[in-house]
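The next block holds one structure in the form of structure tokens; read it before the comments.
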Amino acid sequence: MEGNSQVIFATTVFLLTYAIIISEKIHRAVIALLGAMIVIVGGVLHQEKAVEAIDFNTIGLLVGMMIIVGIARNSGVFEYLAVKAAKTSKGEPLAILVSLSIITAILSALLDNVTTVLLIVPVTFSIAKALEINPSPILISEVLASNIGGTSTLIGDPPNIMIGSATGLGFMDFVINLTPVIIVIMAVTVFLLKIIYRKQLVVREELKQNIMAMNPQDEIRDVTLLKKSLFVISLTIGGFLLHQYVHLESATIALAGAALLLLITGAEPEHALAAVEWPVIFFFAGLFILVGSLEEVGVIEWIAKEALRFTGGELLPTGMLILWLSAIASAFVDNIPFVATMIPLIQDMGRLGGITDLNPLWWSLSLGACLGGNGTIIGASANVVVAGMAEKRGIKWTFIGFMKVAFPLMLVSIIISTIYLYFFYLS
């Protein structure tokens with residue numbers, strides 16, 4: 001195939017793949033890989049170029065962190081933190097909502113948001129059962145907090161990992177530029193959640209004693225593993241803080257931490273590698289190849305030119321377009337494929353429009369995509385994971401029911417982001 005036929009073929013495969021991912025009729029890893037193989041077999045990309053299109057820094061960072069968390073979780077440290085927060089809140093449901101949301105946000109910034117909710121949610125069910133309350137308000141708060149907290153660092157949310165890897169922006173770049181606004185957004189969101197759920201989270205005094213009777217120490221299953229895990233996690237986070245100054249990629253830091261933890265704990269590699277979410281890894285690989293095919297045939301460059309024509313190539317309208325488009329789109333489609341498409345688009349917009357400093361546009365993309373994922377139940381991976389865990393326990397979340405609470409809060413976060421970007425980056 002040559003010329004226009006390649007453009008039509010690559011675009012059709014991409015759009016069909018995207019549509020099936022949104023429909024959730026076929027597992028997203030399967031359809032992403034199938035789409036990737038179709039563009040290779042169809043001659044749009046040769047195998048060598050397809051492999052080059054895969055961002056192995058993103059893949060390595062995800063694998064490394066999944067191994068570290070998979071080993072560390074066996075110590076019980078995350079359950080300890082959740083029970084400790086509940087006890088510190090004196091069994092008061094609204095205070096528990098606040099404390100678990102804050103812990104979720106912090107852990108999501110330091111680990112990643114999907115892993116964090118997998119660790120925190122089971123303990124939340126236990127706490128809700130002891131208080132005889134519906135866990136949904138606390139679970140929804142944790143979902144929103146995980147996506148907000150994950151926005152603040154390079155490793156907290158997959159879109160940030162992808163942006164950092166594609167641009168060379170380091171851990172501290174994300175912390176310095178995004179954490180200030182994320183703290184404000186988190187404070188406002190928690191305040192509004194307390195107002196929304198204040199009448200639902202009321203319990204009898206004697207039920208609060210069930211929480212006070214819990215002993216956080218009982219959650220620690222292996223003290224030696226806990227010490228070793230905290231040591232390696234500390235080293236790894238320290239490595240992220242310094243990686244751009246010592247000229248090491250974030251994937252190198254994460255994989256080095258994983259290898260060290262495997263060594264000093266004596267964990268079986270088979271068990272440790274089982275903690276890696278391989279469907280997520282292959283989903284990323286397939287997406288990178290699909291987006292690479294669009295780059296190869298010139299589709300990305302054409303869209304960039306049209307976007308620049310619409311904004312006039314000015315930084316302010318371009319940044320606002322990216323922020324709001326990312327937020328609305330990421331609320332209804334998974335933000336990972338959306339960001340995978342946007343990264344080369346923004347790079348082309350910078351090249352074609354003569355925008356020398358693209359960093360404000362990267363912060364616009366990060367805030368829009370990560371926070372926009374809070375808008376609906378399918379907007380981010382953490383949302384889908386928690387909804388599935390709730391459904392297994394007989395708690396059904398509807399699309400509209402979740403959206404009634406989450407979408408307005410998402411819009412509030414994007415309005416705050418708009419003000420922040422305007423005054424500090426785009427004006």
Side-chain angles (χ1 to χ4, degrees), residues 15 17-25 28 101 104-105 108 112-114 117 136-137 139-152 156-163 178 181-182 184-186 188-190 192-193 196 280 283 287 307 319-343 345-346 361-388 390 397-421:
L15 292 175
T17 303
Y18 216 118
I20 297 171
I21 289 171
I22 295 168
S23 73
E24 298 182 323
K25 298 294 184 184
R28 61 183 188 170
S101 296
T104 301
S108 295
D112 72 83
N113 49 10
V114 174
V117 295
S136 287
L139 294 178
I140 291 173
S141 301
E142 288 169 351
V143 167
L144 300 180
S146 72
N147 291 319
I148 293 170
T151 310
S152 63
D157 207 358
N160 283 2
I161 295 172
M162 297 161 73
I163 292 168
L178 296 183
V181 69
I182 289 304
V184 175
I185 290 169
M186 185 65 193
V188 171
T189 302
V190 168
L192 293 174
L193 285 166
I196 292 167
V280 173
F283 173 59
L287 276 179
M320 291 303 166
L321 174 67
I322 290 170
L323 174 68
W324 282 91
L325 176 64
S326 301
I328 301 302
S330 294
F332 295 97
V333 301
D334 193 302
N335 54 16
I336 294 171
F338 178 81
V339 170
T341 311
M342 286 297 292
I343 286 171
L345 177 60
I346 292 173
L361 303 186
W362 297 126
W363 307 139
S364 299
L365 177 62
S366 173
L367 289 167
C370 296
L371 297 174
N374 271 338
T376 68
I377 204 167
I378 61 169
S381 302
N383 310 20
V384 178
V385 168
V386 176
W397 287 0
T398 64
F399 187 93
I400 298 299
F402 183 91
M403 190 174 173
K404 281 180 180 177
V405 175
F407 199 83
L409 291 174
M410 182 274 286
L411 290 179
V412 169
S413 70
I414 298 301
I415 290 169
I416 295 171
S417 299
T418 300
I419 296 168
Y420 176 73
L421 289 169

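What you see is a predicted model; the values in this text were computed from it and never measured. Scope of the values below: all heavy atoms of this structure, side chains included, with no hydrogens, waters or symmetry mates.
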Could you go through the side chain to side chain donor-acceptor pair (under 3.5 Å) check for D157 and T151 one step at a time? CA-CA 6 Å; D157 207 358; T151 310; 4.8 Å; no
Note: M342 and L365 closest approach over all heavy atoms is CB-CD1, 3.8 Å
Atom CE of M410 and atom OG of S417: how far apart are they, to the nearest 0.5 Å? 10.5 Å
Check side-chain contact (heavy atoms from CB on, under 4.5 Å) between A307 and all other residues, then give those that pass, not counting sequence neighbours. M349
Which atom pair, heavy atoms only, marks the closest approach of F407 to I328? CZ-CD1, 4.3 Å
Which residue in the set T189, L367, I185 passes side chain to side chain contact (heavy atoms under 4.5 Å, CB included) when paired with I416? I185
Could you measure the distance from the CG atom of L371 to the CG atom of L409? Nearest 0.5 Å is fine. 11.5 Å
Are the side chain of S366 and the backbone of W363 linked by a donor-acceptor contact shorter than 3.5 Å? no
Can you name the closest pair of heavy atoms from I336 and M162 and give their distance? O-CE, 3.6 Å
Any side-chain heavy atom of T341 sitting closer than 4.5 Å to one from L287? no
Between the CG atom in N374 and the CG atom in L144, the distance rounded to the nearest 0.5 Å is 4.5 Å
When rounded to the nearest 0.5 Å, the distance separating NZ of K404 from CD1 of I400 is 7.5 Å
With I415, which residues qualify under side-chain contact (heavy atoms from CB on, under 4.5 Å), at least two apart? W324, I419
Which of N147, T104, N383 passes side chain to side chain donor-acceptor pair (under 3.5 Å) with N113? Answer is N147
Would you check if C370 and N160 make a side-chain contact, meaning some heavy-atom pair closer than 4.5 Å? yes
Taking all heavy atoms of G368 and all of I414, pick out the closest pair and write down the distance. CA-CD1, 4.2 Å
Closest approach of P337 to F283 (non-hydrogen atoms, all atoms of both residues): CD-CZ, 4.0 Å
Contact check, side chains of V143 and F402, non-hydrogen atoms, under 4.5 Å: yes
Evaluate the side-chain contact (heavy atoms from CB on, under 4.5 Å) criterion for residues S364 and L421: first the C-alpha distance (whole Å), next the side-chain angles of each, then the deciding distance (0.1 Å), finally the verdict. CA-CA 7 Å; S364 299; L421 289 169; 3.5 Å; yes
S330: side-chain contact (heavy atoms from CB on, under 4.5 Å) partners, not counting sequence neighbours: N335, F338, A369
To the nearest 0.5 Å, tell me how far I20 CD1 sits from T17 OG1. 6.0 Å
Atom CD in E142, atom OG in S101: separation rounded to 0.5 Å? 6.0 Å
